[in-house]
Protein chains: 2
Amino acid sequence: MELAEAKQKFIEAWGKLGSEWGINRTMAQVHALLLVSPEPLTTEEVMENLNISRGNANMTLRDLMGWGLVEKQHKAGERKEYFFADKDTWNIARQVAKERRKRELDPVLKILGELTKVEGDQKDPEFKTFNQSITDINKLAKNVDKTLDTMLKAEESWFWASIFKIFR
Amino acid sequence: MELAEAKQKFIEAWGKLGSEWGINRTMAQVHALLLVSPEPLTTEEVMENLNISRGNANMTLRDLMGWGLVEKQHKAGERKEYFFADKDTWNIARQVAKERRKRELDPVLKILGELTKVEGDQKDPEFKTFNQSITDINKLAKNVDKTLDTMLKAEESWFWASIFKIFR
DNA sequence: CTAAACTTTCAAAATTTTTTGAAAGTTTAG
DNA sequence: CTAAACTTTCAAAAAATTTTGAAAGTTTAG
C-alpha cells in the first residue's frame, strides 16, 4: 500500500470511529491528518487536503485546540498560523477522557445524584424500580468516574502495567 | 420531586447522554423508560409514554433486543408482545461494551493492523510520523481491547475491587 | 377459511447536524 | 494611516439522520 493511500485510510477510519462516538467526523479527520503530518499545517493546507471550506477548517481547528489536542504555532517572519497535533497517544487519550467527562459525564452524574434523593413509598413497585435502577446506575457511574480520575493522573506504562497485573 | 417528574428527568438525561455518545436518542429514551418500569410494556405503552410513532417504537424495541438489553415477553391469553429491560446495571454495561466493541472498535482495529504493516523509508519524515502514530494508536487500542475482554468476563464486584486495589 | 389483532416495512417528510462562503473583523508591514 | 494578509463569524444551504404513518405482512381465534 502506498503511503498516501494509507494516510487516506487512516483519516477515513478515524473519522468514522469519531462520528460513531459522537465526535464530528470532520474534526476527527482533521485530527487524523495532523497526527500523520510531521510538520505543522496551515488552514489552507487542511482545506486542500480534506476538501473542506475555510469556515469549516477554521472552526474545526479551534475546536481541536479547545479539546487540548492541537496547538497553534508561528513561523518566524510569516503571518499565517500553523497547527500542530500532540502525537503522544496517552496524552490524547487522557485529554479526550478529560473533556468528555467534563462535558458529558459530569452533567449526568449531577442529575443522577439528585434523582437518588427522590423519596417515595418502597411498597410502590413504580417507586421501588425507579429507585433501584437510579441507585445502581449512579454507583456504576461513580466507579467509572473514580477510575477516570486515576487514569487522568497516571503515567501510561504504570497504568497498563497495573491493569494487566490483575487482569493478566 | 414527584416520581413522574423524576422519571421524566431520567429519560431525558439518558437520552441526552446516549445521543452525545452516538446512540440514537429515542433508543436511549425507550431503554430508560423500560429501566424504570416494574412491569413489561407494550409497544402501545411505549408510544404513548414517549410520544413516538408505531414504526419508531417497533424499530427501536427491536434494536434494543439486538443490543441484548431488552427481551420480549408474552402474557398468557394475550396476543400482543410485552417488552422488559434487564435491570442489572453490570449486565447492561457489559452488553453495551460488547456490542460497541464488535460494531465499532473491531473494524478500526482491523484497519490499524493493516496500516502498521505499510512499509516505507524511515528516513522520510512523512513515513516516520505516519508509522509512529499508527503504531502507538494500535498499541493503545489493543490494550483497551484486552481490558474490555477482561471486563466482559468479569463479575462486577471482583472487577471494581481489582481496579481500586491498585488505584489507591 | 377469514377477519381481527397485531407487527413490520420503508418511502417520504421532518428534524437535526454540518458545511459553506462571503462579509466583517483583526493584525501588521510599510 | 492604509492596504494587504490573514482569521472569524454566522445566516443560509446542503447533507445526514431520524421519524412518521399507512400499506403490507403475519398470526391466531373462532
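Letters A, B, ... are given to chains in the order of the sequence lines, protein chains preceding strands, and every chain is numbered from 1. All values derive from a computational prediction rather than experimental measurement. Hydrogens, waters and symmetry mates play no part in the numbers below; they use all other heavy atoms, side chains included.
- Atom CG in Leu50(B) sits roughly 15 Å away from atom C1' in dT18(D) (whole-Å rounding).
- When the nearest nucleotides of DNA chain D are assigned to Ser19(A) and Met59(A) by heavy-atom distance, the more 5′-ward of the two goes with Met59(A).
- The interatomic distance linking Met47(A) (CE) with dT19(C) (P) rounds to 14 Å, in whole Å.
- Rounded to whole angstrom, the span from the CG atom of Asp63(B) across to the P atom of dT19(D) amounts to 11 Å.
- Sequence order on DNA chain D of the closest nucleotides to Asn56(A) and Ser53(B) puts Asn56(A) first from the 5' end.
- Ring-plane geometry between Trp160(B) and Trp90(B) is classed as perpendicular, the angle between the planes exceeding 60 degrees on a 0 to 90 degree scale with a lower cut at 30.
- Note: Phe130(B) and Phe10(A) have perpendicular aromatic rings, judged against thresholds of 30 and 60 degrees for the angle between ring planes.
- Every pair tested for salt bridge (Lys or Arg N to Asp or Glu O under 4.0 Å) that includes a residue from residues 150-160 of chain A fails, sequence neighbours excluded, so the list is empty.
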Check nucleotides 6-8 of chain D for protein N or O atoms closer than 3.5 Å to its own N or O atoms and list the pairs.
from: dT7(D); atom 1: OP1; to: Glu81(A); atom 2: N; distance (Å): 3.0
from: dT8(D); atom 1: OP2; to: Asn58(A); atom 2: ND2; distance (Å): 2.3

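- The distance from atom CG of Leu61(A) to atom P of dT9(D) is 14 Å, rounded to the nearest whole Å.
- Shown here are the salt bridge (charged side-chain N to carboxylate O under 4.0 Å, His left out) partners of Asp145(A), two or more places apart in sequence or in another chain: Arg101(A).
- The side chain of Thr26(B) contributes an N or O atom lying less than 4.0 Å from OP1 or OP2 of dT19(D).
- Under 3.5 Å, the side chains of Trp21(B) and Glu104(A) contain a donor-acceptor pair of N or O atoms.
- Per the geometry, CZ belonging to Arg25(B) stands 12 Å off C1' belonging to dT17(D), to the nearest Å.
- With sequence neighbours left out, Lys128(B) forms a side chain to side chain contact (heavy atoms under 4.5 Å, CB included) with Gln122(B).
- The interatomic distance linking His74(B) (NE2) with dT26(D) (C1') rounds to 13 Å, in whole Å.
- Geometrically, Arg100(B) does not engage Trp67(B) in a cation-pi contact, judged by NZ or CZ lying under 6.0 Å from the ring centre and within 45° of the ring axis.
- Consecutive pairing runs in DNA chain C reach the stem threshold at C:1-30 with D:1-30, where a stem means at least three Watson-Crick or G-U wobble pairs with distances under 3.5 Å.
- Residues Thr43(A) and Ala57(A) come closest through the heavy atom pair CG2-CB, 3.9 Å.
- Taking atom CD1 of Ile23(A) as the reference point, atom C1' of dA16(D) lies 17 Å away to the nearest angstrom.
- When the salt bridge (charged side-chain N to carboxylate O under 4.0 Å, His left out) test is applied to Glu39(A), no partner is found at least two apart in sequence or on another chain.
- Rounding to whole angstrom units, NZ of residue Lys75(A) and C1' of dA5(D) are separated by 17 Å.
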